[in-house]
Amino acid sequence: MCGRFCLDSTGQTLQRIFKAEGGDGIVPRYNIAPGQQSPVVLQGRKGPRSIRMHKWGLVPHWAKDAKIGHRMINARAETVAEKPSFRQPLKSGRCLVPATGFYEWQAIDGAKQPWLFHLDRRETVFAFAGLHERWASPEGEVLNTFTIITTEANEQVRPFHHRMPVILPEMTWHAWLSPAAVTQVEPLIQLLQPWSGRTPITGNRVSARVNDPRLDQPECMVPLQEES
DNA sequence: CCAGACGTTGTT
DNA sequence: GTCTGG
DNA sequence: CCAGACGTTGTT
DNA sequence: GTCTGG
């Protein structure tokens with residue numbers, strides 16, 4: 001699963017980490033939900049990578065209605081090459097989705113308690129494997145959207161959920177982003193495999209409940225004291 | 001041929 | 001747009 | 001993912 | 001229960 005994540009980074013930092021242009025004005029966010037705009041890193045046919053704001057929830061180019069995006073927030077790595085909605089984006093619309101963490105949810109006394117999963121250092125920016133699409137409404141309005149690819153959960157996440165977003169190691173970013181279009185999909189699918197073990201994730205309980213406005217504040221990212 | 005779906009997660 | 005089901 | 005809505009008619 | 005909106 002990846003139904004919510006955070007990106008504790010400025011556009012300037014993203015430019016440096018991803019060696020990309022754009023993204024000016026991006027500020028840290030701690031509670032990015034489906035339907036919201038979030039940065040993605042794209043590789044144009046020529047020239048440098050660029051950072052763009054896309055809407056989370058992929059709308060296929062053939063869709064008659066943008067509402068379909070609501071159920072396209074994730075794509076399974078195991079089937080992404082076959083699904084009508086993702087087949088073309090896999091060939092020509094791969095992207096990176098910058099993040100510093102993602103949330104899992106635990107029911108405690110009937111309430112949903114968020115846990116934040118992040119890398120060794122909580123502020124380390126990493127990249128989800130993503131796909132993006134450009135959709136034009138019948139009226140001609142353009143909507144840029146993306147989805148996050150998921151895979152089997154690793155050891156750290158498994159106690160919470162059986163799925164997690166694919167995290168691409170930096171050494172695979174170039175291969176995932178280019179060339180712009182491919183005919184053979186197998187090498188790409190291979191890139192989605194090495195998430196496990198290679199990417200140790202730390203989970204910490206967040207000091208705010210779900211949809212508590214404080215969840216949008218950086219203070220909530222600080223791990224809670226261990227309970228005695 | 002046309003009509004309808006096109007997705008994932010989690011829960012029952 | 002493309003595939004599946006009827 | 002979670003939260004919140006879940007509807008139509010007629011009038012502005 | 002299921003769908004939509006964020």
Side-chain angles (χ1 to χ4, degrees), chain A residues 1-7 27 29-39 53-93 97 99-118 128-138 141-154 157-167 181 183 185 192 195 201 203-217 220-221:
Chain A
M1 143 352 266
C2 184
R4 228 177 264 205
F5 65 98
C6 68
L7 178 56
V27 296
R29 287 158 69 204
Y30 305 93
N31 193 13
I32 298 168
Q36 294 181 356
Q37 300 274 337
S38 198
M53 297 298 284
H54 281 205
K55 187 176 182 177
W56 187 9
L58 187 145
V59 180
H61 66 94
W62 42 258
K64 295 189 180 74
D65 192 316
K67 284 181 192 167
I68 195 173
H70 284 283
R71 20 187 233 276
M72 304 284 179
I73 66 174
N74 293 135
R76 291 175 62 91
E78 297 90 334
T79 57
V80 66
E82 295 138 31
K83 296 294 182 183
S85 298
F86 303 134
R87 210 176 64 167
Q88 192 56 44
L90 179 67
K91 291 181 178 175
S92 59
V97 182
T100 55
F102 60 93
Y103 293 102
E104 301 290 354
W105 316 88
Q106 182 185 43
I108 297 178
D109 301 330
K112 300 274 183 78
Q113 178 67 53
W115 287 63
L116 178 68
F117 286 81
H118 55 81
F128 296 139
L131 302 175
H132 72 95
E133 264 279 30
R134 168 166 294 206
W135 178 78
S137 75
E141 293 166 283
V142 170
L143 188 63
N144 290 304
T145 60
F146 72 95
T147 191
I148 295 170
I149 299 177
T150 64
T151 187
E152 188 181 340
N154 68 10
V157 176
R158 197 169 300 132
F160 294 82
H161 286 288
H162 63 109
R163 306 290 297 175
M164 67 178 283
V166 172
I167 296 170
T183 50
V185 147
L192 302 176
W195 50 267
I201 291 280
N204 281 304
R205 191 151 72 91
V206 171
S207 54
R209 293 298 177 88
V210 171
N211 275 25
D212 186 328
R214 290 180 303 149
L215 190 55
D216 298 329
Q217 302 305 316
C220 289
M221 303 299 105

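Every chain is numbered from 1, with letters handed out A, B, ... down the list of sequences.
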**Request:** Test A/Asn144 against every option in A/His54, A/Met53, A/His132 by the side-chain contact (heavy atoms from CB on, under 4.5 Å) rule and name the one that passes.
**Result:** A/His54

**Prompt:** If you measure from the ring centre of A/Trp62 to the centre of the six-membered ring in the base of B/dC6, is it under 5.5 Å, with the planes under 30° apart?
**Reply:** yes

What contact category does [X] fall into here, base, sugar-phosphate, or nothing, at under 4.0 angstrom with non-hydrogen atoms?
X        : answer
A/Pro34  : base
A/Ile73  : base
A/Phe86  : sugar-phosphate
A/Thr150 : sugar-phosphate
A/Ala75  : sugar-phosphate

Atom [atom1] of [X] and atom [atom2] of [N]: how far apart are they, to the nearest Å?
X        : N      : atom1 : atom2 : value
A/Glu152 : B/dG10 : CD    : P     : 13 Å
A/Met164 : D/dC1  : CE    : P     : 16 Å
A/His161 : B/dG10 : NE2   : P     : 5 Å
A/Lys67  : B/dC6  : NZ    : P     : 16 Å
A/Leu131 : B/dC6  : CG    : C1'   : 15 Å
A/Asn31  : D/dA3  : CG    : P     : 11 Å
A/Lys112 : D/dA3  : NZ    : P     : 7 Å
A/Trp56  : B/dG7  : CH2   : C1'   : 14 Å

In whole Å, what separates the [atom1] atom of [N] from that of [M]?
N     : M      : atom1 : value
B/dA3 : D/dG10 : C1'   : 36 Å
D/dC1 : B/dT11 : C1'   : 15 Å
B/dT8 : C/dG1  : C1'   : 22 Å
D/dT9 : B/dC2  : P     : 34 Å
B/dA5 : E/dC3  : P     : 12 Å

Any [X] side-chain nitrogen or oxygen under 4.0 Å from OP1 or OP2 of [N]:
X        : N     : result
A/Arg76  : B/dT9 : yes
A/Arg163 : B/dT9 : yes
A/Thr79  : B/dT8 : yes

**Item:** Under 3.5 Å: donor-acceptor pair, side chain of A/Thr147, backbone of A/Leu58
**Value:** no

Heavy-atom check, side chain of [X] versus side chain of [Y], under 4.5 Å:
X        : Y        : value
A/Ser38  : A/Trp56  : no
A/Pro60  : A/Phe86  : no
A/Ile68  : A/Trp135 : no
A/Leu116 : A/Tyr30  : no

**Fill in**
Taking a pair to mean Watson-Crick or G-U wobble geometry with both distances below 3.5 Å, B/dC1 pairs with C/dG6

**Message:** Return the pairing partner of D/dT8 with a 3.5 Å limit on both distances, Watson-Crick or G-U wobble; otherwise return none.
**Reply:** none

**Item:** Which nucleotide in E/dG5, B/dG7, D/dC1 has an atom nearest any side-chain atom of A/Met72
**Value:** B/dG7

**Request:** Identify which nucleotide among C/dG1, D/dC2, C/dC3 has an atom closest to any side-chain atom of A/Arg87, counting heavy atoms from C-beta outward.
**Result:** C/dC3

**Request:** May I ask you to verify whether the side chain of A/His70 and the base of E/dG5 hold a donor-acceptor pair under 3.5 Å?
**Result:** yes

**Message:** Classify the ring geometry of A/Phe5 against A/Phe146: parallel below 30°, tilted from 30° to 60°, perpendicular beyond 60°.
**Reply:** perpendicular

